[in-house]
*Asks:* 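One structure follows; several queries about it will come next.
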Amino acid sequence: MESLEYSFSFSPELDQEWKWPERYGNQDEILTYVRHVADRFGIRKDIRFDTVVTSAIFDELANRWTVKTDKGETITVPYLIMATGNLSTPRKPNIRGIDSFRGKTYHTGLWPHDGVDFTGLRVGVIGTGSSGVQSIPHIAKQARQLFVFQRTANFSLPAQNGPMDPEKEAKHKAEYPQRRADAMNTPFAIAGYPPPTQSALEVPEEERNATYERKWQEGGSISFLYSYTDLLTNKAANDTAADFVRSKIRQMVKDPETAETLCPNDHPIGTKRLILDTNYYQTYNLPHVKLINIRKNPIQEFTEWGIKTSDGKAYEIDAIVFATGFDAMTGAMKEIDIKGKDGLAINEKWKDGPQTLLGVMVAGFPNMFMITGPQSPGVKSQMIFSCQQHVDFIGDIIAYARGRQMRRIEASRMAEMAWVQHNNEVADSTLYPLANSWYMGANIPGKPRVFMPYVGGVQKYVARCNEIAAGGYEGFDMSA
Ligand code: NA7
């Protein structure tokens with residue numbers, strides 16, 4: 001997502017003063033921005049770094065949460081706000097011999113802060129989601145030999161990243177307040193893209209492909225998915241966009257067999273995170289980069305010196321990069337021993353999949369809130385917008401309750417059940433459940449297959465939140 005958009009919106013001064021050097025800020029630039037925001041708004045003093053929360057238990061008599069940390073501290077608080085993230089619990093596959101490998105191993109979600117130098121090394125990357133696709137071209141620049149182990153091919157579009165265009169920046173900054181306000185009325189919380197008006201199937205093939213080509217050159221996933229109204233709801237419409245991207249892959253990748261292996265064919269385009277890349281497909285034209293199809297020949301085992309696949313081939317490797325993803329959306333919460341009313345554990349409550357009211361609260365867990373919890377648009381939206389919207393909603397409901405001397409706020413079970421049902425109905429009216437994605441929990445063996453984000457659109461979600469707030473928080477029971 002473009003940095004001018006993907007940034008905090010609560011300070012118009014910050015919006016105007018901050019200069020993003022590139023269209024899509026890289027990791028360093030984002031970290032510099034985050035540090036600046038922390039210093040500028042004096043936030044660091046309120047944060048305890050390097051501390052793991054191990055348990056959080058609700059005390060029914062006091063209406064307070066008792067929180068314990070790995071530093072041996074016990075803290076009691078009236079409200080517990082889980083800002084534990086949706087993609088914060090990295091997962092490595094459980095493959096035979098994994099611990100016997102003698103070389104270095106890395107996970108893209110736990111990357112060393114001072115960087116890694118792969119110069120002269122034989123490197124293996126396992127996983128081709130966003131993290132794999134975006135890191136592979138960088139690793140290829142350094143590695144002597146790069147083996148990419150791909151189980152499932154994904155769709156990726158060119159980011160068309162580059163230095164910030166000063167004219168575009170000036171225009172965006174002039175329109176910032178309006179754009180920020182408009183974002184709220186769009187499905188993904190991103191303004192500036194006119195909503196589509198036509199079905200992909202109403203348009204002649206030549207015109208359709210010209211539209212996809214224009215969007216491809218422009219870069220960005222939202223613009224591409226906004227080509228037609230029905231790309232995410234009608235399989236035949238979706239196929240037209242998927243075919244276009246597959247034809248691009250075949251043009252870019254010189255070796256026809258590699259190109260075919262890179263063509264995704266098991267899910268509709270956009271139903272897994274639509275990746276943006278810089279030179280991903282072109283990287284496979286380099287002589288030292290090899291794609292290994294582990295759908296056809298799975299990894300059999302790790303050895304001291306590398307990886308063996310089921311066709312009897314052995315790959316000698318000095319370093320392995322696990323780009324194998326996260327226990328998404330519920331993983332971080334489930335790692336903490338959270339117990340609500342009557343000793344109910346969150347793991348028990350969510351054993352068949354998450355249940356929440358608006359992705360903000362869970363029935364049975366009074367005074368506990370979540371920032372972009374499951375069944376909110378979070379990961380299917382401009383995430384920073386959604387975080388801020390939740391922070392505001394939670395701040396407002398707490399202020400509302402306090403103003404009425406109510407010390408306890410709890411999602412009603414009825415309201416929660418209705419929201420879960422609505423969430424499922426909305427997901428089922430789309431193509432999203434057709435993909436084995438982390439949205440579905442499909443990447444974690446044994447995790448319930450439930451579609452977790454709310455995909456009814458940010459505009460509808462925000463309207464619902466505002467309506468609930470204006471009506472005195474129906475569905476959120478309050479008591480003294
Ligand atoms: P993803 O999108 O979950 O991708 C993980 C990749 O790792 C994916 O290609 C998986 O293949 C692969 N994987 C996972 N387990 C295995 C095993 N056991 N063997 C082989 N390959 C495996 O995670 P990312 O970190 O790339 O991205 C997560 C989000 O972060 C992304 O959507 C952005 O929002 C930012 P599979 O598809 O399961 O066959």
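Everything quoted here is computed from the prediction, not taken from an experiment. Counting starts at 1 for both ligands and their atoms, following the listed order.
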*Asks:* Which ligand 1 atoms does G127 reach within 4.0 Å, using its non-hydrogen atoms?
*Replies:* 6 (C), 7 (O), 9 (O), 12 (C)
*Asks:* Which is it for I126 and ligand 1 at heavy atoms under 4.0 Å: side chain, backbone, both or neither?
*Replies:* side chain
*Asks:* Short question: side chain of N161, backbone of Y24 - any donor-acceptor pair under 3.5 Å?
*Replies:* yes
*Asks:* Centres of the F188 and Y193 rings: under 6.0 Å?
*Replies:* no
*Asks:* With a 4.0 Å heavy-atom cut-off (strictly under), which part of T128 contacts ligand 1: side chain, backbone, both or neither?
*Replies:* both
*Asks:* Using a 4.0 Å cut-off to any heavy atom of T152, which atoms of ligand 1 qualify?
*Replies:* 36 (P), 37 (O), 39 (O)
*Asks:* Identify, by atom number and element, the atoms of ligand 1 in contact range of F326, meaning under 4.0 Å from any of its heavy atoms.
*Replies:* 25 (O)
*Asks:* Closest by any non-hydrogen atom to atom 6 (C) of ligand 1: pick that one out of S135, A323, G325.
*Replies:* A323
*Asks:* Going by the atom numbers of ligand 1, which of them fall below 4.0 Å from some non-hydrogen atom of K272?
*Replies:* 37 (O)
*Asks:* Counting only nitrogen or oxygen atoms and a 3.5 angstrom limit, does T108 reach ligand 1?
*Replies:* no
*Asks:* Quick check on side chain to side chain contact (heavy atoms under 4.5 Å, CB included): which of V253, L146, I136, T258 does L291 satisfy it with?
*Replies:* T258
*Asks:* To check your reading of the model: name the closest protein heavy atom to atom 35 (C) of ligand 1, its residue, and the distance in Å.
*Replies:* L87 CD1, 4.0 Å
*Asks:* Just jot down the ligand 1 atoms closer than 4.0 angstrom to any heavy atom of S130, in number order.
*Replies:* 26 (O), 31 (C), 32 (O), 33 (C)
*Asks:* Would you confirm whether T128, through its side chain, and A153, through its main-chain N or O, come within 3.5 Å as a donor-acceptor pair?
*Replies:* no
*Asks:* To check your reading of the model: name the closest protein heavy atom to atom 28 (C) of ligand 1, its residue, and the distance in Å.
*Replies:* W438 NE1, 3.7 Å
*Asks:* Counting heavy atoms not belonging to H36, are there more than 12 under 6.0 Å from its NE2?
*Replies:* yes
*Asks:* Pick one of side chain, backbone, both or neither for how I294 approaches ligand 1, counting any non-hydrogen atom pair under 4.0 Å.
*Replies:* side chain
*Asks:* Dump the intermediate steps for salt bridge (Lys or Arg N to Asp or Glu O under 4.0 Å) on R180 and D15, then the final yes or no.
*Replies:* CA-CA 10 Å; R180 297 291 201 194; D15 273 353; 2.9 Å; yes
*Asks:* Which residue from R91, R295, R151 reaches closest to atom 15 (N) of ligand 1 through any of its heavy atoms?
*Replies:* R151
*Asks:* Are there more than 12 heavy atoms of other residues, nucleotides or ligands under 6.0 Å from atom NZ of K308?
*Replies:* no
*Asks:* Heavy atoms only: which of A153, G129, S131, P93 lies closest to atom 24 (P) of ligand 1?
*Replies:* S131
*Asks:* With a sphere of 6.0 Å drawn around CZ of R44, does it hold more than 12 non-hydrogen atoms of other residues, nucleotides or ligands?
*Replies:* yes
*Asks:* When you measure from the side chain of R96 to the backbone N and O of I299, does any donor-acceptor pair fall under 3.5 Å?
*Replies:* no
*Asks:* Using a 6.0 Å cut-off, check whether atom CZ of R102 has over 12 heavy atoms from anything other than its own residue.
*Replies:* no
*Asks:* Between Q150 and ligand 1, which residue portion shows a heavy-atom distance shorter than 4.0 Å: side chain, backbone, both, or neither?
*Replies:* neither
*Asks:* Considering both backbone and side-chain atoms of N436, is one of its nitrogen or oxygen atoms within less than 3.5 Å of a nitrogen or oxygen in ligand 1?
*Replies:* no
